[in-house]
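All remarks here apply to the structure that follows.
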Amino acid sequence: MNNTRVVLLRHPTDRATPDHFEIQTEELGALAPGKVRVAVEYISIDAGARTMLQGEGFHRQAVLGGTVPSHGVGRVLESEDDQWSEGQAVLGRFGSQSVADMDGSKIAALDDSYGSLSMHLGILAGSTGVTAWIGMREVAKPSPGDVFVVSAAAGAVGSIVGQIAKKDGARVIGIAGGPDKCAYLTDQLRFDEAIDYKNSDVGAQLKELAPDGVNGFFDNVGGDILDAVLDNLAMRARITICGAISQYDNMSAVTGPSLYLRLAERQSRMEGFAYFHFADRIPAAMEELASWVADGSISLNETVLDGIERFPEALEVMFTGGNLGKLLVKV
Ligand code: NAP
């Protein structure tokens with residue numbers, strides 16, 4: 001049996017492009033005792049993956065010449081561990097490859113009653129739905145009637161954040177790139193308003209749409225968009241820093257917000273989080289997200305690149321805004 005894997009050739013210093021990676025195929029030997037062989041079906045493409053390619057940083061790092069780390073879902077092909085049997089749906093850090101030999105203790109069983117296993121990398125995943133839920137419930141905590149803004153709103157985390165804010169009774173404004181994404185936010189996800197940051201002045205749009213100021217902002221982007229929202233805060237506003245994708249291509253020279261003094265002027269606060277800081281809340285997040293999937297009150301579009309050999313273009317797709325909702329590679 002062959003495994004096709006994505007190897008990191010060199011650390012990107014700017015945009016991660018396909019030439020930073022190589023696709024290699026290797027023949028797998030017999031499965032070692034205690035191991036479980038998994039056929040990977042989907043690989044999650046997360047914005048944070050870019051920060052794993054630099055050689056150092058907050059996230060665990062990809063090794064030069066090694067398989068690029070990533071989360072995936074798949075099914076057990078073969079098992080030398082009594083706890084796992086063939087056909088079982090599983091989740092794990094399989095890496096960016098088609099077949100993964102894993103320790104039985106390093107994989108988790110999945111409920112495959114949702115149809116596609118990809119749901120476990122989207123709405124029900126730690127780095128997507130759970131991140132949105134924890135950021136909203138533990139940090140952002142909007143109140144009914146709040147004007148609530150989310151950036152990268154048509155992406156994976158942002159789509160869920162906005163839908164939770166609507167459930168919480170906020171008036172939701174999404175910021176996204178391009179008219180199609182903005183139409184998706186208002187028509188499909190029922191956000192109240194959307195701002196196309198690629199074709200309009202975000203600060204001017206916020207002044208028009210939120211003349212009394214923004215009460216809550218869930219930021220996935222940083223940079224100029226964060227400044228534009230800082231300039232439009234209501235008194236006692238709350239900014240949640242989930243990420244800053246506009247900065248990930250240049251982590252050695254991150255541009256901070258120049259208007260941070262608005263926090264003092266508007267008696268406001270800014271607080272960051274990573275979802276695993278709230279590990280004890282993950283079960284509650286999963287339970288409520290699953291209930292929303294069951295009652296159909298939440299949705300997440302998927303953008304799927306077909307074939308493991310398309311992994312190297314996936315980050316480029318994400319960093320040029322080519323994904324609507326969750327970005328996945330279907331192996
Ligand atoms: P995503 O939102 O599905 O995709 C990223 C989106 O960001 C793109 O589709 C693009 O949409 C936008 N974007 C890319 N480059 C941009 C730029 N330079 N300026 C403005 N927008 C840009 O990705 P995701 O995986 O769900 O991640 C979203 C954010 O959540 C990231 O900041 C990530 O690091 C963060 N995150 C945090 C945690 C945590 O625990 N704190 C966990 C997971 C993810 P447009 O077309 O709108 O530009």
Side-chain angles (χ1 to χ4, degrees), residues 14-16 43-53 57-59 70-71 118 121-123 125-140 149-163 173-185 189 191 194-200 202 217-229 239-251 254-255 270-279 281-282 285 300-305 314-329:
D14 187 348
R15 180 69 37 92
I43 293 170
S44 177
I45 307 298
D46 300 293
R50 171 66 187 85
T51 63
M52 293 182 185
L53 304 176
F58 176 64
H59 291 118
S70 53
H71 280 90
S118 60
L121 298 178
I123 294 179
S127 65
T128 300
V130 171
T131 294
W133 189 97
I134 284 175
M136 292 299 282
R137 289 283 176 270
E138 299 298 326
V139 187
V149 177
V150 53
S151 59
V157 171
S159 295
I160 308 282
V161 164
Q163 291 176 84
I173 302 174
I175 302 175
D180 292 348
K181 287 192 176 184
C182 288
Y184 169 74
L185 293 178
L189 300 188
F191 286 24
I195 297 174
D196 174 358
Y197 79 91
K198 286 185 173 166
N199 296 294
S200 66
V202 175
F217 176 42
F218 192 106
D219 192 20
N220 292 312
V221 170
D224 294 343
I225 287 179
L226 175 53
D227 263 332
V229 181
I239 294 179
T240 301
I241 302 295
C242 177
I245 194 167
S246 69
Q247 305 299 310
Y248 294 168
D249 280 341
N250 194 11
M251 289 292 280
V254 167
T255 307
M270 185 148 86
E271 183 177 348
F273 79 103
Y275 77 92
F276 43 80
H277 295 146
F278 298 90
R281 299 292 283 146
I282 293 174
L300 179 61
N301 192 69
E302 291 180 352
T303 298
V304 181
L305 302 185
L315 282 178
E316 208 175 15
V317 165
M318 175 171 272
F319 279 70
T320 51
N323 62 306
L324 182 66
K326 180 71 198 174
L327 183 59
L328 299 159
V329 167

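Remember, it's 1-based here, ligands and their atoms both numbered in the order they're listed. Index from 1, following the sequence. Being a predicted model, the structure only gives us computed values, none of them experimental.
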**Asked** Is there a side-chain contact between E302 and S118, using heavy atoms and a 4.5 Å cut-off?
**Response** yes
**Request:** Check for a donor-acceptor pair, side chain of S151 on one end and backbone N or O of N220 on the other, with a separation under 3.5 Å.
**Result:** yes
**Message:** For the backbone of G222 and the side chain of D219, can you confirm whether one donor and one acceptor N or O come within less than 3.5 Å of each other?
**Reply:** yes
**Request:** Determine whether the side chain, the backbone, both or neither of S151 has a heavy atom under 4.0 Å from any heavy atom of ligand 1.
**Result:** neither
**Message:** Could you tell me if the side chain of L121 sits less than 4.5 Å from the side chain of T128, heavy atoms only?
**Reply:** no
**Asked** Can you tell me which residue and heavy atom of the protein come closest to atom 4 (O) of ligand 1, and the distance to 0.1 Å?
**Response** N323 ND2, 3.4 Å
**Message:** Parallel, tilted or perpendicular, judged at 30° and 60°: which one describes the rings of Y248 and F319?
**Reply:** tilted
**Fill in**
One finds that the ligand 1 atoms under 4.0 Å from a non-hydrogen atom of A156 are 1 (P), 2 (O), 3 (O), 26 (O)
**Prompt:** For ligand 1, does K181 get within less than 4.0 Å through its side chain, its backbone, both, or neither, judged by non-hydrogen atoms?
**Reply:** side chain
**Asked** What atoms of ligand 1 come within less than 4.0 Å of a heavy atom belonging to Y275?
**Response** 39 (C), 40 (O)
**Message:** Would you say that V139 contacts F218 through its side chain, given a criterion of any heavy-atom pair below 4.5 Å between the two side chains?
**Reply:** no
**Prompt:** So how far is it from I195 CD1 to L185 CG, rounded to the nearest 0.5 Å?
**Reply:** 11.0 Å
**Message:** Using a 4.0 Å cutoff against the non-hydrogen atoms of F273, which atoms of ligand 1 qualify?
**Reply:** 39 (C), 41 (N)
**Member of N301, T303, D46 meeting the side chain to side chain donor-acceptor pair (under 3.5 Å) criterion with K326** = D46
**Request:** For residues G158 and F191, report the shortest heavy-atom separation together with the two atoms involved.
**Result:** O-CZ, 4.1 Å
**Message:** Heavy-atom distances under 4.0 Å decide this one: backbone, side chain, both or neither, for Y197 against ligand 1?
**Reply:** side chain
**Message:** In this structure, does ligand 1 have an atom that sits under 4.0 Å from one of the heavy atoms of A244?
**Reply:** yes
**Message:** With respect to C242, determine whether any N or O atom, backbone or side chain, lies less than 3.5 Å from an N or O atom of ligand 1.
**Reply:** yes
**Prompt:** Counting N and O atoms only, with roles assigned by atom type, does the side chain of D196 sit under 3.5 Å from a partner on the main chain of G178, one being a donor and the other an acceptor?
**Reply:** yes
**Prompt:** Counting from 1, what ligand 1 atoms have a heavy atom of G155 closer than 4.0 Å?
**Reply:** 1 (P), 2 (O), 3 (O)
**Asked** Which residue supplies the protein heavy atom nearest to atom 34 (O) of ligand 1, what is that atom called, and how far is it?
**Response** Y248 OH, 2.7 Å
**Asked** Looking only at atom types and distance, does a side-chain atom of Q247 sit under 3.5 Å from a main-chain N or O of T255, one as donor and one as acceptor?
**Response** yes
**Request:** Kindly say whether Y275 contributes a backbone atom to a donor-acceptor pair with the side chain of T131 at under 3.5 angstrom?
**Result:** no
**L300 side chain reached by Q163 side chain, heavy atoms, under 4.5 Å** = no
**Asked** Short list, please: which atoms of ligand 1 are under 4.0 Å from a heavy atom of A274?
**Response** 39 (C), 40 (O), 41 (N)
**Message:** Among all the protein's non-hydrogen atoms, which is closest to atom 10 (C) of ligand 1, and how far away is it?
**Reply:** G321 CA, 3.7 Å
**S200 side chain to Y197 backbone, donor-acceptor under 3.5 Å** = no
**Request:** Starting from atom 23 (O) of ligand 1, locate the nearest protein heavy atom and write down its residue, its atom name and how far away it is, to 0.1 Å.
**Result:** M318 CE, 3.5 Å
**Message:** Is there a polar contact between ligand 1 and G322, counting only N or O atoms under 3.5 Å apart?
**Reply:** no
**Request:** Indicate yes or no: does an N/O atom of G177 lie under 3.5 Å from an N/O atom of ligand 1?
**Result:** yes
**Complete:** Note: ligand 1 atoms sitting under 4.0 Å from heavy atoms of D46 are 25 (O)
**Message:** Among all the protein's non-hydrogen atoms, which is closest to atom 15 (N) of ligand 1, and how far away is it?
**Reply:** F319 O, 3.7 Å
**Item:** Geometric N/O contact S246 with ligand 1, under 3.5 angstrom
**Value:** no
**I245: numbered ligand 1 atoms lying under 4.0 Å from its heavy atoms** = 5 (C), 7 (O), 13 (N), 14 (C), 15 (N), 16 (C), 22 (C), 32 (O)
**Request:** Looking only at protein heavy atoms, identify the closest one to atom 26 (O) of ligand 1 and say how far it is in Å.
**Result:** V157 N, 3.0 Å
**Prompt:** For atom 29 (C) of ligand 1, what's the nearest protein heavy atom and its distance?
**Reply:** N220 OD1, 3.4 Å
**Side-chain donor/acceptor of K198 to backbone N/O of A176, under 3.5 Å** = no
**Complete:** of all protein heavy atoms, closest to atom 43 (C) of ligand 1 is S127 O, 3.1 Å
**Asked** Which of the numbered atoms in ligand 1 are below 4.0 angstrom from a heavy atom of G325?
**Response** 3 (O)
**Asked** Backbone, side chain, both or neither: what part of T131 comes under 4.0 angstrom of ligand 1, heavy atoms only?
**Response** side chain
**Complete:** Any heavy atom of V221 under 4.0 Å from ligand 1? The part involved is side chain
**Asked** Can you tell if the side chain of V157 reaches within under 4.5 Å of the side chain of C242, non-hydrogen atoms only?
**Response** yes
**Message:** Polar contacts were defined as any N/O atom of the residue lying under 3.5 Å from an N/O atom of the ligand; does this apply to A47 and ligand 1?
**Reply:** yes
